[in-house]
Amino acid sequence: MGFHADDETVLKEFGASDRPGIGYRPEGDHWFPAYVDAVYEEYCAALGPMERRVQLSTMRVDGAPVAGPLQLFEQLSREGRAAFLAAIPDEGLVQNWTRQIGRKATNRVPVISPLRWLLYTSGYVDTSQGLRRVPVAVGPQLSAYADVLPVAKISEVKSLNLRLPRRVEDVSEEVWEGLLERIKQSTDDREVGRGYAILIRVAEDLINQETAVRCRVGEAWKMLPDSEIAVARNMDEYNELVREEHPALLVDSPEDAPQIEVMINEWGMKRVSEVIEKQIRSVPAGDPTALVDEYPTLRQRLGARVQGVMIQRCTELEEVIRTPNGTTFHSLRSALDESTILVPDEASPEEALVLADAALGWGLGPDGCKAAIQRHLYNLEKQAVRDRKEQVRKAESIPDKLCAMLDESQLRQGLPAGLVESEVQDSGLEPTVRRLAELAFRAHDDGVLRAYAKEISSQLPDTPHRFDGKAPALRFVTDLGFPDSFAGARVPTPPEREVAQGPVEFPALHPYQETIAERLVNLLCAPEPQRAMLSLPTGAGKTRVAAEGVIRWIRQSGTPAGPILWIAQTGELCEQAVQSWKFVWEKVGADTPLVIDRFWGGNSATPVTGRPHLVIATDAKLRERLGTKDYAWLRNASLVIVDEAHEASSSEYTKILELLSLTHWVTSRHLVGLTATPFRNSAERTRLLVQRFGNRRLDEGVFSGDPISDLQELDILSSVEHRELPGAEFSLHADELQFVEQFQGFLPRSAEQRLAKDEGRNRVLIEEIAALPDNWPVLVFATSVDHAKLLAAKLSDRGIRSVAIDSATPIADRRRWIEAFRRREIRVITNYGVLSQGFDAPATRAVFIARPVYSPNAYQQMVGRGLRGPRNGGKDTCLILDVRDNITNFDKKLAFTGFEFLWKKDAR
């Protein structure tokens, strides 16, 4: 009808239909006379020998309308006739009509209706065995036999109207004969055995006439006498018979058990045990154990079912099978010997439990077994953790606590490279676990738990994710008896915005600072935007001078039209600038508050009106945000100050300055650069740097000679005592040499690590530091991260408290240790690559440059950490010790050879 869907209404008007309906009179159909003849023949057949037959014309057949139309039924395909039957309305399938002979109503008797006769003679029905003629089908009430009988797929009402068999006893002999013939041709293992069992039950006479039974012999099917066949009750037995090529019949339905006994006791078939003898052969691996001892959680899960069950692991486990064909051996994954489950010795605990579950029929399944194992392990782990924690609590010293928390391999893993080798060389012995714990503590100080956090968490699951001084870390360390400092330091996140009040009394600038500040004020008061650079050695107060100069400009000229933008390279340098500006503003600032925005990391900034506004930002943050629409107001800054301006010659800085309309040709706002280290010994680089800042030096002519010498004379910077220490002699590989030349004298990591492992070199460093006065704070610039930690460990081991700082050290711990260094609680800080900028410890008495430094800039940054003089809170003298390493195939001089003016007056 899909094709004629648009014409459906018209077609129905002409009497067309897409399915059978009710109310149909079949008397005019071509097949109806044949139906009448069949009724007449049935009548005649029922007459006695002496009874007279009436003429066909005196017989009348009639009844209720039936489903139809039926005139084309016989022309349909077999599939079409089955579909027609399925679509007949239940009420349209009329069972009976009546037959009347002559005119007497008393002669009326029921006969098959014309529709039922037509379906019986020409109809097909869809069954569990495919399409079958209607007379051979059985009703859906026999669905339990669908695997062997053609059970009609129609409604029960329809099957009743068709008078299909509803009970096994009602099934016709023809159907059972058909089943027997089908069995003899079948290759379905279950159908054959099931069919014979049913025939024993319902058609015993039919089946007893057979002299042979269809059975399987290996991969073939044969008809054999009963006595040669063994009957299997399950698929395992059947498969064994097939494997042994013994004639086999599978009857595995529990309801067919009585029929199996008939096959064995009356027909003479064999039991499997008569054909196949089985034995379990095992070689025990130790004694059997109670299953609940192996898996204690089964007590709660299975209760009494698991009591008395044993498990025996076996080095060998196999089944011995003896048949008429001989003896075979089959390896087994498991076997049940009374109440003992046998499993292979190599089976994991989980595999063994899965095997036991399957053999004993508990129904846990793989997931349930896995859950039982995990619960058991969890309980064991909880007890082990409790025991381990108690050991840690009872341990009196930090190394002993570490021994209780970590094993030898874990302790070794967290030690800096070369430390164990150095220990072996010094002592001649491999370090014990206790000694490894001592070295770990020496290397990491009170940051040792943070350094070993991953290893500790594998032993103690409640180890905090971070040792950051917060409540979880504090609870953990105090519970185990560690000092609070081992929890790490907590640094409150500073607000995005600060407001600095002011002013109050404040010490005056030094004369040279006053001169520079006035020059800066004059530059800022110029009618057109200006550029300039200020270069002062570390410790000479360039941030203080810049801040006070800008403050004076604001006091004189009023609040600038746009914000002041201060740019630095790191968050630490930015935070130092915030604190410096806040401090100076509160001492000498204008009467109105200064708004300071922290614009780095995840912070944002917003414009301010009516008050001075300072935005302190990293160059990385500006590269990310400055060009966006939201920060157009920041691009209109009134003044841009670049801290550490010697870094400002890069292309990244050029892009930032271009966004601020500060190009080679355009200066749209004031630009000032601050640096402690212009490019000493590189006139061209210095020229380009000064050119970026307008070829104007605010510090020009302020000092009579070398700035450092003058500042030393003024006690602003300390005098320098210098010593050289013997270093290592080595050569660079070709790729290392290329790296050094490409990166202007910085050694590659591989070369630095080779230096760090030089025992003689390290011994000289440690002896020199140990020989210094006990009250001297010492700063060491190490060759590598591991070198810094190794030196700290070796010094701490000699009673000189030392800590190592590198880029991976959390900022909070870094600040905490630097504060402890300033308070003289930590004697030595060793570091790699982090304290050459942004580190202020005026009391530093000695600086060790323990790495080859070829960059004058980098060297000046390093030694500048110890040059604070008495008038800046420092000492009058600082000792600088340089390790003179000799790279035989690289002839560039170490940077310190160009700084003799610091310690030799005749070199100035």
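Within the 3.5 Å criterion, the main-chain N or O of Arg214 finds no donor-acceptor partner in the side chain of Lys184. Trp97 places a side-chain N or O within 3.5 Å of a backbone atom of Ala64 that can act as its donor or acceptor partner. Of the possible donor and acceptor atoms, one in the side chain of Arg116 sits under 3.5 Å from a partner among the backbone N and O of Gln95. Of the possible polar contacts, one joining the Gln312 side chain to the Gly286 backbone as a donor-acceptor pair under 3.5 Å is found. Side chain of Arg81 to backbone of Gly123: no donor-acceptor contact under 3.5 angstrom is found. Judged by distance alone, with hydrogens and angles left aside, the side-chain atoms of Ser128 form a donor-acceptor pair with the main-chain N or O of Leu149 at under 3.5 Å. When atom types are taken as modelled, the side chain of Glu228 and the backbone of Pro225 share no donor-acceptor pair closer than 3.5 angstrom. The closest donor-acceptor contact from the side chain of Asp126 to the backbone of Ala152 lies at 3.5 Å or more, if one exists at all. Formation of a donor-acceptor pair under 3.5 Å by the Glu181 side chain with backbone atoms of Gly178 is not found in this model. Not one N or O on the side chain of Asp345 forms a donor-acceptor pair closer than 3.5 Å with the backbone of Ala285.
Leu353 places a side-chain heavy atom less than 4.5 Å from the side chain of Leu298. With contacts defined as side-chain heavy-atom distances shorter than 4.5 Å, the pair Leu302/Val292 does not qualify. A heavy-atom distance below 4.5 Å is found between the side chains of Leu56 and Asp37. Residues Leu70 and Phe84 have side chains in contact (heavy-atom distance under 4.5 Å, counting atoms from C-beta outward). The side-chain heavy atoms of Ile276 and Glu237, taken from C-beta on, include no pair separated by under 4.5 Å. No side-chain heavy atom of Val343 sits under 4.5 Å from any side-chain heavy atom of Leu317. At least one side-chain heavy atom of Ser159 sits under 4.5 Å from a side-chain heavy atom of Gln141. Between Leu342 and Leu332, every side-chain heavy-atom pair lies at or beyond the 4.5 Å cut-off.
Dense packing is recorded around CD of Gln300, with more than 12 heavy atoms of other residues, nucleotides or ligands lying under 6.0 Å away. The local environment of CZ in Arg386 is crowded, with over 12 non-hydrogen atoms from other residues, nucleotides or ligands closer than 6.0 Å. Within 6.0 Å of CD1 on Ile22 lie no more than 12 heavy atoms contributed by other residues, nucleotides or ligands. By the 6.0 Å contact criterion, CZ on Arg322 is enclosed, its count of non-hydrogen atoms from other residues, nucleotides or ligands being greater than 12. By the 6.0 Å contact criterion, CD on Glu255 is enclosed, its count of non-hydrogen atoms from other residues, nucleotides or ligands being greater than 12. In the displayed structure, Arg182 atom CZ is contacted under 6.0 Å by more than 12 heavy atoms of other residues, nucleotides or ligands. Around atom CG of Asp287, no more than 12 heavy atoms belonging to other residues, nucleotides or ligands sit under 6.0 Å away.
Once rounded to the nearest 0.5 Å, the distance linking CG of Asp62 with CZ of Arg108 reads 5.0 Å. A distance of 5.5 Å separates OG of Ser227 from NZ of Lys270, quoted to the nearest 0.5 Å. The structure places CG of Asn234 at 8.0 Å from CD of Glu240, a figure rounded to the nearest 0.5 Å. Remark: Cys314 SG to Arg281 CZ distance equals 10.0 Å, nearest 0.5 Å. Distance check: Phe73 CZ to Leu115 CG gives 8.0 Å after rounding to the nearest 0.5 Å. In this structure, OG1 on Thr340 lies 6.0 Å from CG on Asp337, to the nearest 0.5 angstrom.
Shown here for Val151 and Ala146, the closest heavy-atom pair between the two residues is CG2-CA, 3.7 Å. Across Leu355 and Pro344, no two heavy atoms sit closer than the pair CD1-CD, 4.0 Å. Taking every heavy atom of both residues into account, Leu164 and Val134 meet most closely at CD2-O, 3.6 Å. Nearest approach of Val385 to Pro461, heavy atoms of both residues: CG2-CD, 3.5 Å. In terms of heavy-atom proximity, Ser253 sits nearest to Arg194 at OG-NH1, 4.2 Å. Nearest approach of Pro150 to Val175, heavy atoms of both residues: CD-CG1, 4.3 Å.
The aromatic rings of Trp31 and Tyr35 sit perpendicular, their planes meeting at an angle over 60°, well past the 30° parallel limit. By the 30° and 60° cut-offs, the orientation of the rings of Trp267 relative to Tyr196 is perpendicular.
Donor-acceptor pairing under 3.5 Å is lacking for the side chains of Gln391 and Arg388. A donor atom on one side chain and an acceptor atom on the other are not found under 3.5 Å apart for Gln209 and Asp205. Between the side chains of Glu191 and Ser186, a donor-acceptor pair is found at a separation under 3.5 Å. Side-chain polar atoms of Tyr238 and Asp252 form no donor-acceptor pair below 3.5 angstrom.
In summary, Glu261 and Arg271 engage in a salt bridge, as defined by a charged side-chain N under 4.0 Å from a carboxylate O. With salt bridges taken as basic N to acidic carboxylate O contacts below 4.0 Å, none links Lys370 and Glu350. Ion pair Glu204/Arg201 not flagged as a salt bridge, since none of the NZ, NE, NH1 or NH2 atoms sits closer than 4.0 Å to an Asp/Glu carboxylate oxygen. Salt bridge absent: Arg60 and Glu27 never bring a charged side-chain N and a carboxylate O closer than 4.0 Å.
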task: I would like to know whether Ile154 and Leu162 meet side chain to side chain contact (heavy atoms under 4.5 Å, CB included); could you show each step before the answer?
output: CA-CA 10 Å; Ile154 57 177; Leu162 280 173; 4.0 Å; yes
message: I'd like to know whether Val306 forms a side chain to side chain contact (heavy atoms under 4.5 Å, CB included) with Arg301, so could you lay out the CA-CA distance, the side-chain angles of the two residues, the decisive distance to 0.1 Å, and finally the verdict.
response: CA-CA 9 Å; Val306 78; Arg301 182 72 182 269; over 6 Å; no
- prompt: Yes or no on side chain to side chain contact (heavy atoms under 4.5 Å, CB included) for Asn161 and Glu91, after CA distance, side-chain angles and deciding distance?
  reply: CA-CA 9 Å; Asn161 291 339; Glu91 66 272 23; over 6 Å; no
message: Before you tell me yes or no, could you show the steps for Arg99 and Glu42 under salt bridge (charged side-chain N to carboxylate O under 4.0 Å, His left out), namely the whole-Å CA-CA distance, both residues' side-chain angles and the distance that decides it to 0.1 Å?
response: CA-CA 11 Å; Arg99 180 196 71 210; Glu42 182 185 24; 5.1 Å; no
- prompt: Between Asp147 and Arg190, is a side chain to side chain contact (heavy atoms under 4.5 Å, CB included) present by the stated rule, with each step listed?
  reply: CA-CA 9 Å; Asp147 53 343; Arg190 282 194 168 89; over 6 Å; no
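For the pair Arg78 and Tyr124, the distance from NZ or CZ to the six-membered ring centre is under 6.0 Å and the angle to the ring normal is within 45 degrees.
For the side chain to side chain contact (heavy atoms under 4.5 Å, CB included) with Met263, the lone residue among Ile229, Ile200, Val213, Asp226 that qualifies is Ile200.
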